[in-house]
Amino acid sequence: MFLQTASMAGLKFYEGQNHMQKNTPNSWPDLEATQQKDWEALAQKSIPQGKVEDLGWQTPDGIHLKALYTKDDLHDLPFTNTYPGFEPFLRGPQATMYAVRPWTIRQYAGFSTAQESNAFYRQALANGGQGVSVAFDLPTHRGYDSDHPRVMGDVGKAGVAIDTVEDMKILFDQIPLDQVSVSMTMNGGVLPILASYIVAAQEQGVDQAQLSGTIQNDILKEFMVRNTYIYPPEPSMRIIGDIIEYTAQQMPKFNSISISGYHMQEAGANQSLELAFTLADGQEYVKTALAKGLDIDVFAGRLSFFFAIGMNFYLEIAKLRAARLLWWRMMKAFHPKNPKSLMLRTHCQTSGWSLTEQDPYNNIVRTTIEAMAAVFGGTQSLHTNSFDEAIALPTEFSARIARNTQLIIQEESHMTSVVDPWAGSYMMEKLTQEMADKAWEIIQEVEAMGGMTKAVESGWAKLKIEAAAAQKQAHIDSGKDTIVGVNKYQLAQEDSLQTREVDNNKVRDLQIAFLKKIKAERDPIKVRQALDAITQAAQDKTGNLLDLTVQAMRLRATVGEVSDALEKVFSRHRADTQKVTGVYAMAYDSAQGWAKLQEEIAQFGQTFGRRPRVMIAKLGQDGHDRGAKVVATAFADLGFDVDIGTLFQTPQECARQAIENDVHAVGVSTLAAGHKTLVPEIIAELKRQGGQEIVVFVGGVIPRQDYEYLFEAGVKGIYGPGTPIPASAKDVLEHIRSHLLSTQAKV
């Protein structure tokens, strides 16, 4: 009876509205105008100390996200009535999007040996995964074999170790490469890795023309943020051109490049910076391919993109919509004939940086929100991070939850039923245009510099990202930005988690033994001839480097040997170390305790004759330097003298620099799980070189069960993710002071 009554009431309501529309056609506009004024008056009563126009949020990009949007916000927007699958592709590159085919669930993983990673991939595919995405270890990224002395702490730790085709064959054992799409995150060592994949497939019986997937091959962003480069920018761009050429001719189903903004956002870029720099990189790669004489329609349809999806929900949706709009606009300038050359297709990954060590089960919620933003934005494939990745490599348990997050969205929520559900939204359409406009301004700045290669070489792009990172961290540390469980609503006691740990020494020993076996069984004369041909082609600027590398890898040349063959001509890139100043302090200065800590540091200088001096170091092949740069910036703004070690130092090199610069402390930033090997080694090396008075502290991704091990090794302070920088700075200052006073007392 209740349902029947409610239904009749609803019918009468709608009949009333129809009557109003028929008899008073101007009632709706009049009502809207009246309500706008009344809403402003009503809203003002809720904010007696402020103004209605101040409601909302000032985004890191400088966009004012308003509390209320109306149809007036759609005025003069050019593309609010377009359709998906048609120019400018704002609503998606396919006409039906997920209504016919949902995005691909592609989980990024790799660790330890090829055997272990292969087992993980096969299990993931059996449990609903739809593609393989490979994470390689840092030595592989940087073109070193597992037996190289510079990589002792990195083998198999943050990805899978690959030295030869034999490793690649094991990695894809029983995975049909003519049916499973493979994405490989590889940039520096891209030639031997892609060549190994091609040869492994051929020896599996799969022709390279049948291979589908993506190689990242995006070197420009490495010089800005991730730092897994090998060669300088100019020869690196030649490698990219050769790969685009080879794949266009030989691998028509394979994406030759994944132009990545993901690592920019992870390094601190806001959404408009990530969008602008990513598209500007893409434009540079297009120009590189055209310079090789390729037709735009031969390769442009195989370019793909890769964006991060963080916790700024609305901005992330708008970013993906704006990305398609801007790429269409940029590609129009090259006059392609095929509409596919104008389409931006993208893979997305939820943010790793937004994951917290504290109260880690909150990360499941964060990842779900981010995954929804990627889906609403229209991604073509998606990786969802595991909740424990702020602590260690994901376990089977956490990886299953991450994968199931996508399956639940895809198969239970009915989100796939509607193409671009945000189309027509007052807020989203306006925000999409504002995001596009902000990014376009930055792209124009890049063009004025001569393109993205020039912007990267100058260091300007890198500093823009680092400034954004410092500002964001200061907002968190000062409480302006809330991170639940970190700077608000903290747990009294953290839950303990079961984490995955890789025995670095065991993996390295296995890889070295396998390398020796392969080298003993191959034809050394043919391998040397193939490597010499690569060096000659690099020198003469002739031939295709990927084609020559395929020939070398088929003969069982190693990743390190191919890299060395190129390094003879190209050299190995050394980055200039710079830091931004003043940004952290400017964003933090209203927080309590800042000025007091500055006074304590100044007093230290008066007591001991000089300011406290620290060296921030990255050891091994871990190039992720966001944390190191932010800490260096904040410590300097507080009044420390700060040195920054060069990237990729060995413990011996780090100790030497610390002693020569007469520092009080060395702070090791670690994100690649090499801390149990490298940190004890730097402490031992300081003692060997006469620097035993130097205090060592560590920050980064370190499981709590490793803390005691590091303390026993001699570490004085450990600062995990979420530790406010002023708190760590105060602790470091106290350790230095007490150490100096203890030393003076002994004297």
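No experiment lies behind these values; they were computed from the predicted model shown. Sequence positions, counted from 1, serve as the residue numbers for this chain.
In this structure, a donor-acceptor pair under 3.5 Å is present between the side chains of D388 and S398. Inspection of the R366 and N363 side chains reveals an N or O donor paired with an N or O acceptor under 3.5 Å. For the residue pair N385/Q349, the side-chain donor-acceptor check at 3.5 Å is satisfied. Judged by distance alone, the side chains of S386 and R400 never bring a donor and an acceptor atom under 3.5 Å apart. Side chains of H675 and D706: a donor-acceptor N/O pair is present below 3.5 angstrom, by distance only. A side-chain donor from one of D163 and S146 sits under 3.5 Å from a side-chain acceptor of the other. Side-chain polar atoms of Q649 and Q657 form a donor-acceptor pair below 3.5 angstrom. Checking Q216 against K221 by side-chain atom types alone, a donor-acceptor pair falls below 3.5 Å. Side-chain polar atoms of S351 and E266 form a donor-acceptor pair below 3.5 angstrom. Inspection of the S742 and H739 side chains reveals no N or O donor paired with an N or O acceptor under 3.5 Å. Donor-acceptor pairing under 3.5 Å is recorded for the side chains of H664 and R610. There is a side-chain donor-acceptor pair under 3.5 Å between S354 and E370.
Note: F223 and Y229 have parallel aromatic rings, judged against thresholds of 30 and 60 degrees for the angle between ring planes. Relative ring orientation between F608 and F604 is described as tilted, the plane-to-plane angle lying within the 30° to 60° band. Between F387 and F397, the ring planes lie perpendicular to each other; the angle is over 60°, past the 30° to 60° tilted range. Relative ring orientation between H141 and F136 is described as perpendicular, the plane-to-plane angle rising above 60° on a 0-90° scale split at 30° and 60°.
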Please lay out, stage by stage, how D625 and K462 fare under the test salt bridge (charged side-chain N to carboxylate O under 4.0 Å, His left out). CA-CA 11 Å; D625 62 350; K462 187 176 183 70; 3.6 Å; yes
Apply the test salt bridge (charged side-chain N to carboxylate O under 4.0 Å, His left out) to residues K730 and E600: give CA-CA distance (whole Å), side-chain angles for both, the deciding distance (0.1 Å), then the verdict. CA-CA 9 Å; K730 184 174 178 58; E600 289 183 39; 3.0 Å; yes
Please lay out, stage by stage, how D662 and R613 fare under the test salt bridge (charged side-chain N to carboxylate O under 4.0 Å, His left out). CA-CA 8 Å; D662 195 21; R613 190 177 187 92; over 6 Å; no
Checking side-chain hydrogen bond (donor to acceptor under 3.5 Å, both in side chains) for the pair Q473/D477: CA distance, chi angles, key distance, verdict? CA-CA 6 Å; Q473 190 61 51; D477 289 345; 3.0 Å; yes
In sequence, state the C-alpha distance, the side-chain angles, and the governing distance for K596 and E599, and then conclude on salt bridge (charged side-chain N to carboxylate O under 4.0 Å, His left out). CA-CA 5 Å; K596 186 175 185 299; E599 289 174 9; over 6 Å; no
Evaluate side-chain hydrogen bond (donor to acceptor under 3.5 Å, both in side chains) for N227 paired with E222, printing each intermediate quantity in order. CA-CA 5 Å; N227 300 312; E222 297 297 324; over 6 Å; no
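To the nearest 0.5 Å, the span separating CZ on R611 from CD on Q603 amounts to 14.5 Å. Remark: R574 CZ to F648 CZ distance equals 9.0 Å, nearest 0.5 Å.
E681 meets the side-chain contact (heavy atoms from CB on, under 4.5 Å) test with P651, Q652, E685, R688; sequence neighbours excluded. For the side chain to side chain donor-acceptor pair (under 3.5 Å) test, residues two or more places apart in sequence or in another chain that qualify with D145 are T558. The salt bridge (Lys or Arg N to Asp or Glu O under 4.0 Å) test applied to K716 returns no partner, not counting sequence neighbours. Applying the side-chain contact (heavy atoms from CB on, under 4.5 Å) rule to A634 yields the partners Y584, I725; only residues at least two apart in sequence or on another chain are considered. The ring-ring contact (aromatic ring centres under 6.0 Å, His included) check on F514 picks up nothing, with sequence neighbours excluded. Listed by chain and number, the residues in a side-chain contact (heavy atoms from CB on, under 4.5 Å) with A124 are R403 (sequence neighbours excluded).
Remark: F313 CZ is packed, more than 12 non-hydrogen atoms of other residues, nucleotides or ligands lying under 6.0 Å away.
In this structure, Q598 contributes its side chain and D637 its backbone to a donor-acceptor pair below 3.5 Å. Looking at D643, its side chain never comes within 3.5 Å of a backbone N or O of V663 through a donor-acceptor pair. With E653 contributing its side chain and T650 its backbone, the two residues share a donor-acceptor pair below 3.5 Å. Side chain of Q621 to backbone of V151: no donor-acceptor contact under 3.5 angstrom is found.
The pair K157-D137 does not meet the salt-bridge criterion, since no charged nitrogen lies less than 4.0 angstrom from a carboxylate oxygen.
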